[in-house]
Number of protein chains: 2
Amino acid sequence: MKTPQDAFTTYLSEKNLKMTPQRRLILDTFIDEKQHLSPEELYDKVKKVDPSIGQATVYRTLKLLVEAGIVESLDFADGVSRYEVSWGEEHHDHLICERCGKNIEILDDVIEKRQEAIAKEHGFTLSHHKMYLYGLCSKCGRKRS
Amino acid sequence: MKTPQDAFTTYLSEKNLKMTPQRRLILDTFIDEKQHLSPEELYDKVKKVDPSIGQATVYRTLKLLVEAGIVESLDFADGVSRYEVSWGEEHHDHLICERCGKNIEILDDVIEKRQEAIAKEHGFTLSHHKMYLYGLCSKCGRKRS
DNA sequence: AGGTGGATGAATATGCTTCTCAATACGGGA
DNA sequence: TCCCGTATTGAGAAGCATATTCATCCACCT
């Protein structure tokens, strides 16, 4: 399996774009974090290594990483945009606590298969999907609202 | 079944808020459209009836309608925020063509049941969920990219 | 090594959404 | 029905995240 870094380099050269120290640093930093990061969080971490880097470069690189299929954007419905490294990771969806923000990654074969079947019924070729389950976790559920 | 308008009035009075001509007009306009609307589209339509209405009022009312459970926000991943009237409507998810924007409403019992089961396994009480399937519709799939 | 088109950082712009504030109007109570 | 307190409104300004501009820089092919 190609590493995300290799995949990114390949993607860039296919598009006649260039691998640069900044792009490399941004991807490496993201991978090290293994977390859901907002563009600003990522920018902060990257800046600790190379303070000269610009916000714009982080946004531009994030966009490229999404296009390259290495990173994907998330929507936790809390108004903050987030990304996670998806390359080489098994696909998963999210179960989110609306009170405390707790976030559980889930994967369910039954659902995945039904999604494919539904798409097929409508003549669609599925490229990806997003599923978010929102509710209260056991701890928060116990407390009164 | 209460109409959305009644439900809104009830919600407002519970919260010690007031029903106003603007709020009524915004909701009525939204219901007439029976479509996925962005705040701006809704604003444009409302303005045709009452040109004196302000954008802020549309945003404020939309927020109230979501809180009241009459309208829900959608995320078609195209950078535009949209809403749809959900009161009195059966819940559904969306199958979206990434090329032409075609949007099919879907509903699948198998998936809905699995979602509940998964939440339960993790001790969660589900309040709602979002599921979006992205891909190419039959027409767009035939054409080359 | 040299040339060229892409990449960068800083500042600025953009676009959507929210806030501020003074003026207005709803709606419960007399 | 009129009053009054409080929520609401419209307009403009502010915020915030993201995108763009532009002059300079540099990665990569030959």
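Proteins get letters first, then strands, A, B, ... in listed order; numbering begins at 1 in each. These values consider heavy atoms only, across backbone and side chains, with no hydrogens, waters or symmetry-generated copies.
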Item checked: Partners passing side chain to side chain contact (heavy atoms under 4.5 Å, CB included) against B/Lys2 (at least two apart in sequence or in another chain) -> B/Asp6, B/Thr10, B/Trp87
Margin query: Between P on D/dT8 and CD1 on B/Ile26, what's the gap in Å once rounded to a whole number?
Written below: 12 Å
Check: Distance only, no hydrogens: is a donor on one side chain within 3.5 Å (strictly under) of an acceptor on the other, for B/His91 and B/His129?
Finding: yes
Notebook entry, point to check: Do A/Arg24 and A/Asp28 meet the salt-bridge criterion of a basic N to acidic O distance under 4.0 Å?
Noted result: no
Notebook entry, point to check: Rounded to whole angstroms, how far apart are CD on A/Glu41 and P on D/dA17?
Noted result: 11 Å
Item checked: Positional range of nucleotides in DNA chain C within the contact set of chain A, heavy-atom, under 4.0 Å -> C/dG5 to C/dA10
Notebook entry, point to check: Taking atom C1' of D/dA17 as reference, at what distance in whole Å does atom CZ of A/Arg82 sit?
Noted result: 14 Å
Next item on the list: Measure the distance from CD on A/Glu67 to P on D/dA19 and round it to the nearest whole Å.
Entry: 11 Å
Next item on the list: Find the distance B/Asp50:CG to D/dT9:P and express it as a whole number of Å.
Entry: 11 Å
Margin query: Can you see whether A/Glu98 engages B/Ser127 through a side-chain donor-acceptor pair at a distance of less than 3.5 angstrom?
Written below: yes
Next item on the list: Please tell me if the side chains of A/Glu84 and A/Val71 come closer than 4.5 Å, counting only heavy atoms from C-beta onward.
Entry: no
Notebook entry, point to check: Between B/Tyr59 (OH) and D/dA13 (P), how many Å, whole number?
Noted result: 18 Å
Notebook entry, point to check: Is B/Ile31 close to B/Gln5 at the side-chain level, that is, under 4.5 Å between some pair of heavy atoms?
Noted result: yes
Check: B/Arg60 has a side chain; which of D/dT18, D/dT21, D/dA11 sits nearest to it?
Finding: D/dA11
Notebook entry, point to check: Please walk me through it: do A/Ser73 and A/Ser81 pass side chain to side chain contact (heavy atoms under 4.5 Å, CB included)?
Noted result: CA-CA 7 Å; A/Ser73 72; A/Ser81 77; over 6 Å; no
Note to self: With the threshold set at under 4.0 Å for non-hydrogen atoms, list the residues of residues 3-25 of chain B touching DNA chain C in residue-number order.
What the structure shows: B/Lys18, B/Met19, B/Pro21
Item checked: Partner of B/Leu133 under side chain to side chain contact (heavy atoms under 4.5 Å, CB included), chosen from B/Ile104, B/Asp93, B/Ile106 -> B/Ile106
Check: Does the distance from a Lys or Arg side-chain N to an Asp or Glu carboxylate O, for B/Asp109 and B/Lys113, drop under 4.0 Å?
Finding: yes
Next item on the list: Could you state the atom-to-atom distance from CD of A/Gln55 to P of D/dA17 in whole Å?
Entry: 9 Å
Notebook entry, point to check: Taking OP1 and OP2 of D/dT18, is either one under 4.0 Å from a side-chain nitrogen or oxygen of A/Ser81?
Noted result: yes
